[in-house]
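For reference, the structure is listed below as C-alpha coordinates.
This one's a predicted model, so the numbers in the text were calculated from it and none came from an experiment. The chains referred to below are lettered A, B, ... by the order of the sequence lines, with proteins before strands, and numbering in each begins at 1.
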There are 2 protein chains.
Amino acid sequence: MQKIVTNVSEKLKAGEYKLTSRREIILRVLLENGEKHLSAEEVYNLVKVKVPDIGLATVYRTLELFLDLDIIRAMDFGDGRKRYEFSDESRHGHYHHHLICEECHRIIEVNEDLLDEIESIVTYDYQFSIINHHLIIFGICKDCMAKGK
Amino acid sequence: MQKIVTNVSEKLKAGEYKLTSRREIILRVLLENGEKHLSAEEVYNLVKVKVPDIGLATVYRTLELFLDLDIIRAMDFGDGRKRYEFSDESRHGHYHHHLICEECHRIIEVNEDLLDEIESIVTYDYQFSIINHHLIIFGICKDCMAKGK
DNA sequence: CTATGTGCAAATCCTTTGCAATCCA
DNA sequence: TGGATTGCAAAGGATTTGCACATAG
(Lines give C-alpha, C1' and ligand atoms only; values in the text may rest on other atoms or scores of the structure.)
Protein backbone atom coordinates (compact mmCIF):
# COMPACT_ATOMS: atom_id res chain seq x y z
CA MET A 1 0.00 0.00 0.00
CA GLN A 2 2.81 2.39 0.81
CA LYS A 3 4.02 1.77 -2.70
CA ILE A 4 0.69 2.94 -4.12
CA VAL A 5 0.75 6.06 -1.96
CA THR A 6 4.22 6.87 -3.26
CA ASN A 7 3.09 6.24 -6.78
CA VAL A 8 0.10 8.56 -6.40
CA SER A 9 2.35 11.15 -4.80
CA GLU A 10 4.46 11.09 -7.93
CA LYS A 11 1.45 11.39 -10.19
CA LEU A 12 0.36 14.42 -8.22
CA LYS A 13 3.76 16.07 -8.38
CA ALA A 14 3.98 15.40 -12.08
CA GLY A 15 0.78 17.44 -12.45
CA GLU A 16 1.93 20.28 -10.20
CA TYR A 17 -0.37 19.17 -7.44
CA LYS A 18 0.46 18.84 -3.78
CA LEU A 19 0.17 15.74 -1.68
CA THR A 20 -1.67 17.24 1.25
CA SER A 21 -2.62 15.41 4.42
CA ARG A 22 -6.28 15.36 3.33
CA ARG A 23 -5.44 13.87 -0.04
CA GLU A 24 -3.31 11.20 1.51
CA ILE A 25 -6.02 10.22 3.97
CA ILE A 26 -8.66 10.10 1.27
CA LEU A 27 -6.34 7.92 -0.75
CA ARG A 28 -5.77 5.57 2.17
CA VAL A 29 -9.49 5.30 2.85
CA LEU A 30 -10.03 4.35 -0.77
CA LEU A 31 -7.26 1.77 -0.55
CA GLU A 32 -8.50 0.30 2.72
CA ASN A 33 -11.95 -0.14 1.21
CA GLY A 34 -10.74 -1.72 -1.96
CA GLU A 35 -13.76 -3.44 -3.42
CA LYS A 36 -16.47 -1.48 -1.64
CA HIS A 37 -17.18 1.05 -4.37
CA LEU A 38 -17.71 3.92 -1.99
CA SER A 39 -19.75 6.98 -2.84
CA ALA A 40 -18.39 10.45 -2.12
CA GLU A 41 -20.46 10.69 1.02
CA GLU A 42 -19.27 7.30 2.24
CA VAL A 43 -15.66 8.35 1.69
CA TYR A 44 -16.42 11.55 3.57
CA ASN A 45 -17.84 9.70 6.56
CA LEU A 46 -14.87 7.36 6.74
CA VAL A 47 -12.36 10.18 6.41
CA LYS A 48 -14.16 12.23 9.03
CA VAL A 49 -13.39 9.59 11.64
CA LYS A 50 -9.69 10.30 11.15
CA VAL A 51 -9.90 14.01 10.34
CA PRO A 52 -13.08 15.40 11.87
CA ASP A 53 -12.74 18.85 10.36
CA ILE A 54 -12.62 17.74 6.72
CA GLY A 55 -15.22 19.24 4.42
CA LEU A 56 -17.37 17.29 2.01
CA ALA A 57 -16.30 19.65 -0.78
CA THR A 58 -12.70 18.61 -0.28
CA VAL A 59 -13.67 15.00 -0.74
CA TYR A 60 -15.49 15.80 -3.98
CA ARG A 61 -12.59 17.91 -5.21
CA THR A 62 -10.06 15.24 -4.35
CA LEU A 63 -12.06 12.48 -6.00
CA GLU A 64 -12.36 14.65 -9.10
CA LEU A 65 -8.61 15.19 -9.07
CA PHE A 66 -7.92 11.47 -8.67
CA LEU A 67 -10.26 10.79 -11.57
CA ASP A 68 -8.38 13.23 -13.78
CA LEU A 69 -5.12 11.55 -12.90
CA ASP A 70 -6.57 8.11 -13.60
CA ILE A 71 -5.95 7.05 -10.04
CA ILE A 72 -9.56 6.03 -9.61
CA ARG A 73 -12.54 5.28 -11.84
CA ALA A 74 -16.16 6.27 -11.28
CA MET A 75 -19.43 4.80 -12.35
CA ASP A 76 -23.10 4.97 -11.58
CA PHE A 77 -24.45 1.56 -10.66
CA GLY A 78 -28.01 2.75 -11.02
CA ASP A 79 -28.55 4.42 -7.67
CA GLY A 80 -28.04 7.98 -8.86
CA ARG A 81 -24.68 8.67 -7.33
CA LYS A 82 -21.13 8.09 -8.46
CA ARG A 83 -19.18 5.29 -6.88
CA TYR A 84 -15.44 5.11 -7.01
CA GLU A 85 -12.88 2.34 -7.29
CA PHE A 86 -9.16 2.12 -7.75
CA SER A 87 -8.17 1.96 -11.37
CA ASP A 88 -5.19 -0.16 -10.54
CA GLU A 89 -4.95 -2.24 -13.66
CA SER A 90 -2.31 -4.47 -12.16
CA ARG A 91 -4.85 -5.66 -9.63
CA HIS A 92 -6.93 -7.78 -11.98
CA GLY A 93 -5.45 -7.50 -15.39
CA HIS A 94 -6.96 -5.07 -17.79
CA TYR A 95 -10.56 -4.85 -16.72
CA HIS A 96 -13.13 -6.35 -14.45
CA HIS A 97 -16.89 -6.17 -14.41
CA HIS A 98 -19.63 -5.71 -11.84
CA LEU A 99 -22.68 -7.69 -10.86
CA ILE A 100 -25.38 -5.77 -9.02
CA CYS A 101 -27.85 -7.77 -6.96
CA GLU A 102 -31.23 -6.13 -7.29
CA GLU A 103 -32.29 -7.70 -4.02
CA CYS A 104 -29.48 -6.93 -1.57
CA HIS A 105 -27.73 -4.29 -3.72
CA ARG A 106 -24.38 -5.93 -3.25
CA ILE A 107 -21.75 -5.21 -5.87
CA ILE A 108 -19.78 -8.29 -6.89
CA GLU A 109 -16.65 -8.00 -8.98
CA VAL A 110 -15.97 -10.38 -11.84
CA ASN A 111 -12.29 -10.64 -12.48
CA GLU A 112 -12.45 -11.56 -16.12
CA ASP A 113 -12.46 -9.45 -19.19
CA LEU A 114 -13.78 -11.67 -21.99
CA LEU A 115 -14.90 -8.83 -24.19
CA ASP A 116 -12.39 -9.50 -26.95
CA GLU A 117 -15.00 -10.48 -29.49
CA ILE A 118 -17.15 -7.41 -29.03
CA GLU A 119 -14.11 -5.18 -28.75
CA SER A 120 -12.77 -6.32 -32.05
CA ILE A 121 -16.11 -5.73 -33.74
CA VAL A 122 -16.26 -2.26 -32.25
CA THR A 123 -12.67 -1.53 -33.23
CA TYR A 124 -12.79 -2.89 -36.78
CA ASP A 125 -16.40 -2.71 -37.92
CA TYR A 126 -17.27 0.52 -36.13
CA GLN A 127 -13.78 2.03 -36.41
CA PHE A 128 -14.13 3.11 -32.81
CA SER A 129 -11.01 3.66 -30.74
CA ILE A 130 -11.70 2.14 -27.33
CA ILE A 131 -10.47 3.88 -24.20
CA ASN A 132 -12.44 2.16 -21.51
CA HIS A 133 -15.58 0.22 -20.82
CA HIS A 134 -18.14 -0.42 -18.12
CA LEU A 135 -20.08 -3.65 -18.00
CA ILE A 136 -22.72 -3.87 -15.30
CA ILE A 137 -24.83 -6.99 -15.01
CA PHE A 138 -28.04 -6.70 -13.02
CA GLY A 139 -29.70 -9.73 -11.46
CA ILE A 140 -30.06 -11.72 -8.25
CA CYS A 141 -27.03 -13.02 -6.40
CA LYS A 142 -26.47 -16.56 -5.18
CA ASP A 143 -27.37 -15.78 -1.56
CA CYS A 144 -30.60 -13.99 -2.40
CA MET A 145 -31.56 -16.81 -4.77
CA ALA A 146 -31.03 -19.25 -1.89
CA LYS A 147 -33.37 -17.18 0.25
CA GLY A 148 -35.95 -17.68 -2.44
CA LYS A 149 -36.06 -14.11 -3.61
CA MET B 1 -45.62 2.64 -34.57
CA GLN B 2 -49.37 2.55 -34.05
CA LYS B 3 -48.91 -1.07 -33.14
CA ILE B 4 -46.48 -0.14 -30.39
CA VAL B 5 -48.86 2.49 -29.04
CA THR B 6 -51.61 -0.12 -28.90
CA ASN B 7 -49.27 -2.55 -27.21
CA VAL B 8 -48.28 0.00 -24.56
CA SER B 9 -51.90 0.88 -24.08
CA GLU B 10 -52.56 -2.75 -23.23
CA LYS B 11 -49.66 -2.91 -20.81
CA LEU B 12 -51.05 0.14 -19.07
CA LYS B 13 -54.54 -1.27 -18.83
CA ALA B 14 -53.18 -4.55 -17.52
CA GLY B 15 -51.66 -2.59 -14.66
CA GLU B 16 -54.79 -0.55 -13.95
CA TYR B 17 -53.23 2.53 -15.46
CA LYS B 18 -54.85 4.93 -17.85
CA LEU B 19 -53.60 5.86 -21.30
CA THR B 20 -53.90 9.61 -20.96
CA SER B 21 -53.17 12.09 -23.71
CA ARG B 22 -49.93 13.13 -21.99
CA ARG B 23 -48.73 9.55 -21.71
CA GLU B 24 -49.48 8.90 -25.34
CA ILE B 25 -47.62 11.99 -26.48
CA ILE B 26 -44.61 11.16 -24.32
CA LEU B 27 -44.65 7.67 -25.79
CA ARG B 28 -44.77 9.03 -29.33
CA VAL B 29 -41.91 11.43 -28.66
CA LEU B 30 -39.85 8.51 -27.38
CA LEU B 31 -40.72 6.48 -30.46
CA GLU B 32 -40.00 9.30 -32.88
CA ASN B 33 -36.58 9.76 -31.33
CA GLY B 34 -35.72 6.11 -31.35
CA GLU B 35 -31.97 6.00 -30.95
CA LYS B 36 -31.44 9.42 -29.44
CA HIS B 37 -31.36 8.38 -25.78
CA LEU B 38 -33.20 11.42 -24.56
CA SER B 39 -32.95 12.73 -21.02
CA ALA B 40 -36.09 13.63 -19.08
CA GLU B 41 -35.57 17.30 -19.84
CA GLU B 42 -35.10 16.63 -23.54
CA VAL B 43 -38.32 14.62 -23.61
CA TYR B 44 -40.01 17.47 -21.78
CA ASN B 45 -38.85 20.06 -24.31
CA LEU B 46 -40.01 17.95 -27.24
CA VAL B 47 -43.37 17.23 -25.65
CA LYS B 48 -43.86 20.88 -24.78
CA VAL B 49 -43.89 21.77 -28.46
CA LYS B 50 -47.01 19.67 -28.88
CA VAL B 51 -48.57 20.23 -25.44
CA PRO B 52 -47.28 23.54 -24.07
CA ASP B 53 -48.91 23.18 -20.67
CA ILE B 54 -47.27 19.90 -19.74
CA GLY B 55 -45.29 19.83 -16.50
CA LEU B 56 -41.80 18.44 -16.10
CA ALA B 57 -43.02 16.37 -13.17
CA THR B 58 -45.47 14.59 -15.44
CA VAL B 59 -42.64 13.64 -17.75
CA TYR B 60 -40.63 12.23 -14.84
CA ARG B 61 -43.66 10.37 -13.51
CA THR B 62 -44.49 8.94 -16.91
CA LEU B 63 -40.94 7.84 -17.57
CA GLU B 64 -40.90 6.17 -14.17
CA LEU B 65 -44.13 4.39 -15.01
CA PHE B 66 -42.83 3.25 -18.38
CA LEU B 67 -39.71 1.95 -16.64
CA ASP B 68 -41.80 -0.06 -14.21
CA LEU B 69 -43.75 -1.58 -17.07
CA ASP B 70 -40.53 -2.42 -18.95
CA ILE B 71 -41.59 -0.22 -21.82
CA ILE B 72 -38.34 1.71 -21.66
CA ARG B 73 -34.90 1.27 -20.11
CA ALA B 74 -32.77 3.92 -18.43
CA MET B 75 -29.07 4.35 -17.98
CA ASP B 76 -26.51 6.93 -17.03
CA PHE B 77 -23.93 7.31 -19.77
CA GLY B 78 -21.65 9.24 -17.49
CA ASP B 79 -23.16 12.70 -17.68
CA GLY B 80 -25.05 12.53 -14.42
CA ARG B 81 -28.55 12.21 -15.75
CA LYS B 82 -30.70 9.31 -16.79
CA ARG B 83 -31.23 8.72 -20.48
CA TYR B 84 -34.05 6.60 -21.80
CA GLU B 85 -34.50 4.18 -24.67
CA PHE B 86 -37.15 1.80 -25.84
CA SER B 87 -36.71 -1.66 -24.41
CA ASP B 88 -38.20 -3.17 -27.49
CA GLU B 89 -36.32 -6.42 -27.61
CA SER B 90 -37.72 -7.26 -30.99
CA ARG B 91 -35.89 -4.29 -32.42
CA HIS B 92 -32.38 -5.72 -32.22
CA GLY B 93 -32.60 -9.13 -30.70
CA HIS B 94 -31.93 -9.53 -27.04
CA TYR B 95 -29.56 -6.72 -26.22
CA HIS B 96 -27.46 -4.03 -27.75
CA HIS B 97 -24.60 -1.97 -26.42
CA HIS B 98 -23.50 1.65 -26.51
CA LEU B 99 -20.37 3.42 -27.63
CA ILE B 100 -19.84 6.90 -26.18
CA CYS B 101 -17.51 9.21 -28.06
CA GLU B 102 -15.59 11.23 -25.50
CA GLU B 103 -14.95 13.89 -28.10
CA CYS B 104 -18.35 14.60 -29.65
CA HIS B 105 -20.43 12.81 -26.98
CA ARG B 106 -22.35 10.92 -29.59
CA ILE B 107 -23.98 7.66 -28.52
CA ILE B 108 -23.60 4.89 -31.08
CA GLU B 109 -25.55 1.68 -30.79
CA VAL B 110 -23.94 -1.69 -31.40
CA ASN B 111 -26.50 -4.22 -32.47
CA GLU B 112 -24.76 -7.30 -31.25
CA ASP B 113 -24.88 -9.08 -27.97
CA LEU B 114 -21.80 -11.31 -27.86
CA LEU B 115 -21.70 -11.59 -24.10
CA ASP B 116 -22.44 -15.31 -24.01
CA GLU B 117 -19.07 -16.27 -22.65
CA ILE B 118 -19.11 -13.83 -19.76
CA GLU B 119 -22.78 -14.52 -19.12
CA SER B 120 -22.17 -18.18 -18.72
CA ILE B 121 -19.31 -17.60 -16.33
CA VAL B 122 -21.49 -15.27 -14.28
CA THR B 123 -24.40 -17.71 -14.35
CA TYR B 124 -22.48 -20.88 -13.55
CA ASP B 125 -19.35 -19.84 -11.67
CA TYR B 126 -20.91 -16.98 -9.76
CA GLN B 127 -24.37 -18.56 -9.52
CA PHE B 128 -25.80 -15.18 -10.41
CA SER B 129 -29.21 -15.01 -12.03
CA ILE B 130 -28.95 -12.39 -14.78
CA ILE B 131 -31.84 -10.03 -15.42
CA ASN B 132 -30.24 -7.38 -17.55
CA HIS B 133 -26.95 -5.79 -18.43
CA HIS B 134 -25.46 -2.50 -19.53
CA LEU B 135 -22.27 -2.37 -21.55
CA ILE B 136 -20.93 1.09 -22.27
CA ILE B 137 -17.72 1.47 -24.23
CA PHE B 138 -15.95 4.83 -24.01
CA GLY B 139 -13.57 6.00 -26.71
CA ILE B 140 -13.26 8.11 -29.82
CA CYS B 141 -15.57 7.62 -32.77
CA LYS B 142 -14.56 7.19 -36.39
CA ASP B 143 -15.42 10.78 -37.37
CA CYS B 144 -13.51 12.34 -34.49
CA MET B 145 -10.54 10.09 -35.20
CA ALA B 146 -10.59 11.33 -38.80
CA LYS B 147 -10.50 14.89 -37.51
CA GLY B 148 -7.32 13.93 -35.73
CA LYS B 149 -8.69 14.11 -32.23
C1' DC C 1 6.52 33.62 0.54
C1' DT C 2 2.99 32.50 -2.87
C1' DA C 3 0.28 29.58 -5.38
C1' DT C 4 -2.49 25.81 -4.19
C1' DG C 5 -5.65 23.64 -1.19
C1' DT C 6 -9.44 23.84 2.21
C1' DG C 7 -13.86 24.59 5.11
C1' DC C 8 -18.05 26.57 5.04
C1' DA C 9 -22.18 28.05 3.15
C1' DA C 10 -24.63 29.10 -0.73
C1' DA C 11 -25.73 27.78 -5.28
C1' DT C 12 -26.79 24.49 -8.93
C1' DC C 13 -28.54 20.58 -11.23
C1' DC C 14 -31.47 16.60 -11.59
C1' DT C 15 -35.33 14.44 -9.63
C1' DT C 16 -39.22 13.72 -6.36
C1' DT C 17 -43.19 15.05 -3.70
C1' DG C 18 -47.46 17.55 -1.64
C1' DC C 19 -51.52 19.37 -2.86
C1' DA C 20 -55.49 21.18 -5.10
C1' DA C 21 -57.53 21.01 -9.55
C1' DT C 22 -58.62 18.03 -13.59
C1' DC C 23 -59.60 14.04 -16.16
C1' DC C 24 -60.63 9.31 -17.70
C1' DA C 25 -62.96 4.70 -17.12
C1' DT D 1 -68.78 9.71 -9.80
C1' DG D 2 -64.27 8.73 -7.77
C1' DG D 3 -59.86 7.30 -7.90
C1' DA D 4 -55.98 8.16 -11.03
C1' DT D 5 -53.46 11.87 -13.18
C1' DT D 6 -51.60 16.42 -13.59
C1' DG D 7 -49.35 21.27 -13.03
C1' DC D 8 -47.21 23.99 -10.03
C1' DA D 9 -44.18 25.09 -6.56
C1' DA D 10 -41.55 23.54 -2.99
C1' DA D 11 -38.53 20.01 -1.27
C1' DG D 12 -34.80 16.74 -1.76
C1' DG D 13 -30.39 14.66 -2.71
C1' DA D 14 -25.94 14.85 -5.07
C1' DT D 15 -22.47 17.75 -6.58
C1' DT D 16 -20.20 22.28 -7.52
C1' DT D 17 -18.65 26.87 -6.56
C1' DG D 18 -17.23 31.50 -4.28
C1' DC D 19 -14.57 33.22 -0.95
C1' DA D 20 -11.57 34.11 2.93
C1' DC D 21 -8.30 31.53 5.47
C1' DA D 22 -4.71 27.83 5.90
C1' DT D 23 -0.76 25.27 4.16
C1' DA D 24 2.75 22.78 1.27
C1' DG D 25 6.91 23.27 -1.27
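With the nearest nucleotide of DNA chain C identified for both Leu65(A) and Tyr44(A), Leu65(A) has the one nearer the 5' end. Closest-nucleotide positions on DNA chain C for Arg81(B) and Ala57(B) were compared, and the one nearer the 5' end corresponds to Arg81(B).
Out of dG7(D), dG2(D), dT15(D), the shortest distance to the side chain of Lys18(B) is found at dG2(D). Here the side chain of Glu64(B) is nearest to one of dT16(C), dT6(D), dA4(D), namely dT16(C). Listed nucleotides dT6(D), dT6(C), dA14(D) differ in distance to Thr58(B); the shortest reach to its side chain belongs to dT6(D).
In this entry the distance linking CD1 of Ile26(B) with P of dT5(D) reads 12 Å, nearest Å. Distance CG (Leu69(A)) to P (dG5(C)): 11 Å, rounded to an integer number of Å. Regarding Asp79(A), its CG atom lies at a distance of 9 Å from the P atom of dT15(D), rounded to whole Å. dG5(C) atom P lies 15 Å from atom CD of Glu24(A), rounded to whole Å.
Note on ring orientation: taking the six-membered ring where Trp is involved, the planes of His134(A) and Phe138(B) are perpendicular (angle over 60°, cut-offs 30° and 60°).
Within 4.0 Å of Arg23(A), counting heavy atoms only, lie sugar-phosphate atoms of the nucleic acid but no base atom.
Remark: Glu10(B) does not engage Lys3(B) in a salt bridge, criterion side-chain N to carboxylate O under 4.0 Å. Salt bridge annotation for Lys50(B)-Glu32(B): present, with a cationic side-chain nitrogen under 4.0 angstrom from a carboxylate oxygen.
Put simply, Thr62(A) has no side-chain N or O that comes within less than 4.0 Å of OP1 or OP2 on dG5(C). The shortest distance between the side-chain N/O atoms of Thr20(B) and the OP1/OP2 oxygens of dT6(D) is below 4.0 Å. Residue Tyr60(B) places at least one side-chain N or O closer than 4.0 Å to OP1 or OP2 of dT15(C).
The base of dG7(D) is not paired with the side chain of Arg22(B) by any donor and acceptor separated by under 3.5 Å.
With ring centers used as reference points, Phe77(B) lies under 6.0 Å from His98(B).
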